[in-house]
Amino acid sequence: MTILVITGAPGIGKTTAVIHVAITLKDKGINVGGIVSRELRFNNMRVGFEFIDLITNDTNVLASITGNGPKIGKYFVSLEGCRFAAERLNRAIKSCDVIVCDEIGPMELKSIEFINSAKNLLEIDKKIIVVVHQMLRHPLVEQFKNKSSFLINIDLENREKVNEILLHGLVAE
């Protein structure tokens, strides 16, 4: 089991790094799955977040400024979107060699289905990349940090080298 945990300030490049690593691994013939999340923007304004399935590129809303569901700041969390992410993680556990979970944050933790699928990642003998919200203190985050083979806090000093560091951590194992 290899668990790489990534954290860092919002907008520092965590998702960009994870997507780059996933593409590089896929180009090498490695079966990569899971989910990443990205901002949804309208007229250059952030209006929410969505999940992207790394196998199919299907998307589903994580949270938006409109809608219903649990509220985090100005966003309403989509429990249906979290269910989508949980299903994609569970499918990746069964069929992939490397599983990406971007991210475990306050929004995702509003869904018990998401929490349970993320917990499943702690029990498998595969290579896992998990992005965790920088300031989040939660038992699930602590479990990932405690079981991690490698924890990297992306910052302005190291973000140019992160892809290389992550790839080395996954391929060298």
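This is a predicted model, so every value here is computed, not measured.
With a 6.0 Å radius and a threshold of 12 heavy atoms from other residues, nucleotides or ligands, K145 has its NZ atom above the threshold. For E164, the CD atom is loosely surrounded, since the number of other residues' heavy atoms within 6.0 Å does not exceed 12. The local environment of NE2 in H20 is sparse, with at most 12 non-hydrogen atoms from other residues, nucleotides or ligands closer than 6.0 Å. Around atom CG of N68, no more than 12 heavy atoms belonging to other residues, nucleotides or ligands sit under 6.0 Å away. Heavy-atom neighbours of E80 CD from other residues, nucleotides or ligands within 6.0 Å: at or below the threshold of 12.
F51 and F114 have parallel rings, their planes meeting at less than 30° on a 0 to 90° scale where 60° marks the start of perpendicular.
Judged by distance alone, with hydrogens and angles left aside, the side-chain atoms of N120 form no donor-acceptor pair with the main-chain N or O of N90 at under 3.5 Å. Judged by distance alone, with hydrogens and angles left aside, the side-chain atoms of K119 form no donor-acceptor pair with the main-chain N or O of L140 at under 3.5 Å. The backbone N or O of I3 lies less than 3.5 Å from no partner atom in the side chain of K147, so there is not a single donor-acceptor pair. At distances below 3.5 Å, at least one donor-acceptor pair connects side-chain atoms of D155 with backbone N or O atoms of E157. In this structure, K14 contributes its side chain and D102 its backbone to no donor-acceptor pair below 3.5 Å. Listed for the N60 side chain is no donor-acceptor partner under 3.5 Å among the backbone atoms of A85. For S64 (side chain) and G48 (main-chain N/O), no donor-acceptor pair under 3.5 Å exists by modelled atom type.
For the pair Q134 and N153, the minimum side-chain heavy-atom distance is below 4.5 Å. Contact check for L25 versus L167: side-chain heavy atoms found under the 4.5 Å cut-off. Between L4 and I152 the shortest side-chain heavy-atom distance does not fall below 4.5 Å. At a threshold of 4.5 Å between non-hydrogen side-chain atoms, the residues H138 and I104 do not count as touching. Side-chain atoms of L166 and I6, non-hydrogen and from C-beta on, do get closer than 4.5 Å to each other. Side chains of P106 and H133 form a contact here, defined as non-hydrogen atoms less than 4.5 Å apart. Residues V77 and S111 are not in side-chain contact: their nearest non-hydrogen atoms beyond the backbone lie 4.5 Å or more apart. Within the 4.5 Å cutoff, no side-chain heavy atoms of E108 are placed close to those of F49.
Here the straight-line distance linking atom OG of S148 with atom CD1 of I128 works out to 12.5 Å at 0.5 Å rounding. Atoms CD and CD1, from E160 and I165 in turn, are 11.0 Å apart once rounded to the nearest 0.5 Å. Note that the CD1 atom of I154 and the NZ atom of K161 stand 13.0 Å from one another [nearest 0.5 Å]. M107 CE to S78 OG: the interatomic distance, rounded to the nearest 0.5 Å, is 11.5 Å. The distance from atom CZ of R88 to atom OG of S117, rounded to the nearest 0.5 Å, is 12.0 Å. Distance check, rounded to the nearest 0.5 Å: OG1 of T16 to CZ of R38 gives 11.0 Å.
Among all heavy-atom pairs drawn from I99 and A92, the shortest one is CG1-O, 3.7 Å. A pairwise comparison of heavy atoms in S95 and N31 identifies O-ND2, 2.6 Å as the closest pair. Taking all atoms of both residues into account, the shortest heavy-atom contact from K110 to L79 is O-CD2, 3.7 Å. Across S37 and L62, no two heavy atoms sit closer than the pair CB-CD2, 4.4 Å. A pairwise comparison of heavy atoms in A86 and E113 identifies CB-O, 3.4 Å as the closest pair. Scanning all heavy atoms of the two residues, the minimum distance from K74 to R46 falls at NZ-O, 4.1 Å.
At a threshold of 4.5 Å between side-chain heavy atoms, the hydrophobic network of Ile, Leu, Val, Met, Phe, Trp and Tyr places I115 and F144 in one connected group. Hydrophobic clustering of Ile, Leu, Val, Met, Phe, Trp and Tyr side chains at less than 4.5 Å, counting indirect connections, keeps V32 apart from I55. Under the 4.5 Å side-chain contact rule for hydrophobic residues, M135 and V130 do not share a cluster. Each of I65 and F76 belongs to its own hydrophobic cluster when Ile, Leu, Val, Met, Phe, Trp and Tyr are linked at side-chain heavy-atom distances under 4.5 angstrom.
Exactly one residue among L54, T59, D58 makes a side-chain contact (heavy atoms from CB on, under 4.5 Å) with T56. That residue is D58.
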Residue pair V100, V36: steps toward the side chain to side chain contact (heavy atoms under 4.5 Å, CB included) verdict: CA-CA 7 Å; V100 174; V36 294; 4.0 Å; yes
Could you check I129 against C101 for side chain to side chain contact (heavy atoms under 4.5 Å, CB included), going step by step and ending with a plain yes or no? CA-CA 6 Å; I129 302 172; C101 179; over 6 Å; no
